Q: 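Got a structure for you, questions after.
What you are looking at is a predicted structure, and each value in this text was computed from that prediction instead of being measured.
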Amino acid sequence: MSKTLLTAFVLMALAGVVLILSLPPLFDAHQPNEELLTVVSGTAFVALTAIVVILRSLKLRTPNAADVE
């Protein structure tokens, strides 16, 4: 697994955790910037998910050195 794919995956998981933890306070009395945190973490999660999917599909299409021989 490449370092870029692993980094994007870890950041995607972190953004997902922040998104999940920021959703319940939206329905209670909350802090002033709670909506902004939810929107930013949701946007980061979607963008990082797209990056992980693209990197993973590129890695699956690239033949290994052992397969070429």
Q: Would you name the heavy atoms of L55 and T4 that are closest together and state the gap between them?
A: CD1-CG2, 3.8 Å
Q: Say you draw a straight line from OG1 of T49 to CD1 of I54; how long is it, rounded to the nearest 0.5 Å?
A: 11.0 Å
Q: Can you name the closest pair of heavy atoms from S22 and S41 and give their distance?
A: OG-OG, 4.0 Å
Q: Between CG of L11 and CG of L6, what distance do you get to the nearest 0.5 Å?
A: 9.5 Å
Q: Between F9 and L48, is there a shared hydrophobic cluster once you connect ILVMFWY residues whose side-chain heavy atoms come closer than 4.5 Å?
A: yes
Q: Can you tell me how far CG of L14 sits from CG of L19, rounded to the nearest 0.5 angstrom?
A: 11.5 Å
Q: With heavy-atom distances below 4.5 Å as the criterion, would you say the side chains of N33 and L37 are in contact?
A: no
Q: Could you measure the distance from the CG atom of L58 to the CG atom of L5? Nearest 0.5 Å is fine.
A: 10.0 Å
Q: Restricting to non-hydrogen atoms, name the atom on V52 and the atom on M12 that form the minimum distance, rounded to 0.1 Å.
A: CG2-SD, 4.4 Å
